[in-house]
2 protein chains.
Amino acid sequence: MVRAGLTAERLARAGAELADEVGFDQVTVSAVARRFDVKVASLYSHVKSSHDLKTRIALLALGELADRGAAALAGRAGKDALAALANVYRDYAREHPGRYDAARLRLDPATAAAGAGGRHAGMARAVLRGYDLAEPDRTHAVRLLGSVFHGYVSLEAAGGFSHSAPDSQETWTRILDALDALLRNWPAERPGPAERPGPAERPGPAE
Amino acid sequence: MVRAGLTAERLARAGAELADEVGFDQVTVSAVARRFDVKVASLYSHVKSSHDLKTRIALLALGELADRGAAALAGRAGKDALAALANVYRDYAREHPGRYDAARLRLDPATAAAGAGGRHAGMARAVLRGYDLAEPDRTHAVRLLGSVFHGYVSLEAAGGFSHSAPDSQETWTRILDALDALLRNWPAERPGPAERPGPAERPGPAE
DNA sequence: GTAGGTTACCTAAAGGCATTAGGCAATTCC
DNA sequence: GGAATTGCCTAATGCCTTTAGGTAACCTAC
């Protein structure tokens, strides 16, 4: 019996590859075992459960993403940095759809913090150093960037923007323009009418 | 033997309830059968497969969301409409997390179109009638709104903004302010330097 | 260099979900 | 009321997860 040399690390890597090939939801302890030509039960000495395996894949992906982000951000500022970081997420999702899905896995806060969780928020904060925003607007902006990046990339992956004009690439470019403009021109607090009108009554025209 | 009165419709509704209670990924043909106190195989006369069941739940959720959106938009314009539609998505996701997850299911284009697929884009377009945007910027803006709404709501559901200041509600309010400002002030094409600098060279400071 | 301990992978088994085939009972339609 | 139809059933297969306990390979030391 030749030993396969399994480790939690190698299992996660194999799972990540599998995810990119057949989809993250198809990643199963059995499938990974098959890939190593090993019996299923053998994996349970290295990972606690199917969920544990998936968590490790998620952490792997988050780490890779953070690495790419850090590399892309080095030596850039302002809109240049904004676009670079945004493209890291989008490109990663296109190159590694399974891993990107994995990165979206619900992690409990402790696990996320132990992994690359904080690095991502840190990168968004770094981008915003190129703009003139004080707290708490800086945090609001961090969350906006996260929302747009994640939202756009998932909708694009789901096929939301294919088969319809204009091109998804063009929209992406223009959205980055728009975000840049918005960050350079962040509105002061309370510029408009009531934020949250009741569901029935009509509080008058908005303008 | 008393008949349970199963229909695809009722199965989808039960599945939606189940999703909100225990999570969409826990929705299984077996679990729904249990809920009707019926044997698993019986469901297969009404739905083709597990995937078929999940698709029906997704379409149910998308329809409910579109109904709420239409109701919220009636008689509103401008920022008021923007906030109303945005809150529909966020509130729905908070009230019905399982259904909201279901609505995120990858649907093939034909299925999505047959359901409420188009209504959602239509609602975003309706909101944008309150702003001065011509094509193709209007489409870019539709996609931006979709990305922000979906992105924010999923990150919030994943717990991304809890346990940290400022409050998620405050960020949401300020993001809507910001989007309103952005839409009233949408930048013209090509305001900045190269959108996509190469990975290594540094094209100079952004400003 | 081989004895002992540890580690890595195995066999076996139980339990859950998805799916199909074929049967009988409840409803429906003349 | 009898025939046709429909609705739910039993039975069976196959894949997945997880645990318990066994055996063979490796490592350590004398």
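The figures that follow rest on heavy atoms only: side chains count, while hydrogens, waters and symmetry mates do not. Here is how names work: the chains are called A, B, and so on, in the same order as the sequence lines, proteins then strands, and each is numbered from 1.
- For the pair A:Glu9 and A:Arg13, the salt-bridge criterion is met [side-chain N within less than 4.0 Å of a carboxylate O].
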Contact list (N/O, under 3.5 angstrom) for nucleotides 15-19 of chain D vs protein:
| unit_1 | atom_1 | unit_2 | atom_2 | d |
| --- | --- | --- | --- | --- |
| D:dC16 | OP1 | A:Arg34 | NH2 | 2.8 |
| D:dC16 | OP2 | A:Arg34 | NH2 | 2.8 |
| D:dC16 | O3' | A:Thr28 | OG1 | 2.7 |
| D:dT17 | OP1 | A:Thr28 | OG1 | 2.7 |
| D:dT17 | OP1 | A:Val29 | N | 3.2 |
| D:dT17 | OP2 | A:Thr28 | OG1 | 2.7 |
| D:dT17 | OP2 | A:Val29 | N | 3.4 |
| D:dT17 | OP2 | A:Ser30 | N | 2.9 |
| D:dT17 | OP2 | A:Ser30 | OG | 2.8 |
| D:dT18 | OP2 | A:Tyr44 | OH | 2.8 |
| D:dT18 | OP2 | A:Ser50 | N | 2.6 |

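- There is a side-chain donor-acceptor pair under 3.5 Å between A:Ser168 and A:Tyr152.
- Distances shown here put a side-chain N or O of B:Ser42 below 4.0 Å from the OP1 or OP2 atom of D:dC9.
- If you check the side chains of B:Trp172 and B:Asn87, you find a donor sitting under 3.5 Å from an acceptor.
- Between B:Gln26 atom CD and C:dA18 atom P there is a gap of 11 Å when expressed in whole angstrom units.
- Remark: B:Arg104 qualifies as a cation-pi partner of B:Tyr100 under the 6.0 Å distance and 45° angle criteria applied to the six-membered ring.
- The closest side-chain donor-acceptor pair between B:Arg90 and B:Gln169 falls under 3.5 angstrom.
- Between the CG atom of B:Asp52 and the C1' atom of C:dA18 there is a distance of 13 Å, rounded to whole Å.
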- Message: Under the criterion side chain to side chain contact (heavy atoms under 4.5 Å, CB included), I'd like the reasoning laid out for A:Tyr89 against A:Met123: C-alpha separation, chi angles, the key distance, then a yes or no.
- Response: CA-CA 12 Å; A:Tyr89 287 106; A:Met123 293 191 299; 3.7 Å; yes
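- Using a 4.0 Å cut-off between a side-chain N of Lys or Arg and a carboxylate O of Asp or Glu, B:Asp177 and B:Lys79 qualify as a salt bridge.
- A heavy atom closer than 4.0 Å to some atom of DNA chain D occurs in no member of residues 10-20 of chain B.
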- Item | Chi angles and distances behind the salt bridge (charged side-chain N to carboxylate O under 4.0 Å, His left out) call for A:Arg143, B:Glu156 | CA-CA 10 Å; A:Arg143 293 173 175 178; B:Glu156 187 178 37; over 6 Å; no
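- The distance from atom CG of B:Leu6 to atom C1' of C:dA26 is 14 Å, rounded to the nearest whole Å.
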